[in-house]
Every structure is written in C-alpha cells, then in structure tokens.
Amino acid sequence: MMAKPKRLAIVNGKRVLVEYDSRREEYQEYNQDRWKHQNDLMKFYNSKAWRQLSKLVLNEYYYVCRMCGGDATLADHIIPVRVDWSKRLDKDNIQPLCESCHAIKTKEDKNKYNM
C-alpha cells in the first residue's frame with residue numbers, strides 16, 4: 001500500500017506535514033460560510049477582473065513570494081478588501097505571496113484591523 005502524498009503546512013503556528021486532502025472538508029465549510037455571509041466579497045474574488053489582475057501581478061513578480069522569496073501561489077491585498085473596498089483593483093495594493101506567508105499575514109491583519 002502506498003502512502004498518501006504529504007505537504008508542508010502551518011497548523012496552529014507550527015510547520016507540520018499533512019496529507020494533501022486533509023483539510024478539504026474544512027475549506028468547503030469555510031467557503032460555504034463565506035458565500036452565505038460575505039456574498040459581495042466572494043463575487044469579487046470570482047470576477048474576471050480580479051482573476052486577470054491577480055494573474056498579472058503574479059506574472060510581473062515571476063511568482064516569487066514578496067515575504068519569503070519562495071514560490072508565490074496567490075495574489076494578496078496589502079490593505080485587505082474588507083478594510084478598504086476602493087483598493088480592491090488597485091495594482092499597487094496587491095502582492096504575490098505563498099500560502100504560508102499569506103496565512104501569517106491574514107492572522108496579522110485580523111489583529112491589526114480587528115476583523
């Protein structure tokens with residue numbers, strides 16, 4: 001029997017190896033909740049304008065994370081959309097981040113902006 005593939009993730013602030021699909025149910029629940037309570041935000045993140053802009057930023061920075069220099073997998077709003085909706089499509093407010101750095105920044109933003 002083959003072992004399931006694992007990936008490095010940050011869980012409760014610690015680096016651990018987890019199975020690739022181990023958090024799928026948690027993400028589904030989280031996204032369902034976001035669709036229910038943050039419909040405008042979810043519509044924005046699924047819009048063509050956001051997909052094009054985020055891809056542009058990732059390409060311009062060669063998919064390099066601005067925080068750690070690793071492989072960036074997503075575009076992040078420096079000032080969160082929930083803090084300043086008007087900056088949601090401002091290219092100067094978007095940076096490429098890897099998942100780990102994004103998780104850290106999100107936690108910092110929650111504390112900084114009381115979200």
- Check: Ile79 main-chain N/O paired with Asn93 side-chain donor or acceptor under 3.5 Å: yes

- Message: Below 30° counts as parallel, above 60° as perpendicular, anything between as tilted: where do the rings of Trp50 and Tyr45 land?
- Response: perpendicular

- Message: Checking Lys107 now: which residues fulfil salt bridge (Lys or Arg N to Asp or Glu O under 4.0 Å) with it, not counting sequence neighbours?
- Response: none

- Query: What are the two closest heavy atoms between Arg88 and Leu53, and how far apart are they?
  - Reply: O-CD2, 4.5 Å

- Message: Between Met42 and Leu74, is there shared hydrophobic-cluster membership here, with clusters defined by ILVMFWY side-chain heavy atoms closer than 4.5 Å?
- Response: no

- Message: With rounding to the nearest 0.5 angstrom, report the CG to NZ distance, Leu56 to Lys91.
- Response: 5.0 Å

Under 3.5 Å, sequence neighbours excluded: what are the donor-acceptor pairs made by side chains of residues 61-71?
from, atom 1, to, atom 2, distance (Å)
Tyr61, OH, Arg66, NH1, 3.2
Tyr63, OH, Lys55, NZ, 3.2

- Task: Is it possible for you to say whether Trp85 and Tyr113 belong to one hydrophobic cluster, with membership spreading through side-chain heavy-atom contacts below 4.5 Å?
- Result: no

- Task: Look at the side chain of Lys105 and the backbone N and O of Leu97, then say whether any donor-acceptor pair between them is shorter than 3.5 Å.
- Result: no

- Message: With rounding to the nearest 0.5 angstrom, report the NZ to OG1 distance, Lys110 to Thr106.
- Response: 7.0 Å

- Message: Count I, L, V, M, F, W, Y as connected when their side-chain heavy atoms are under 4.5 Å apart, and connections chain through other members. Are Ile78 and Val57 then in the same cluster?
- Response: no

- Would you indicate whether the side-chain heavy atoms of Gln95 and His77 approach each other to under 4.5 Å? no

- Is the closest side-chain heavy-atom distance between Lys87 and Ile94 below 4.5 Å? no

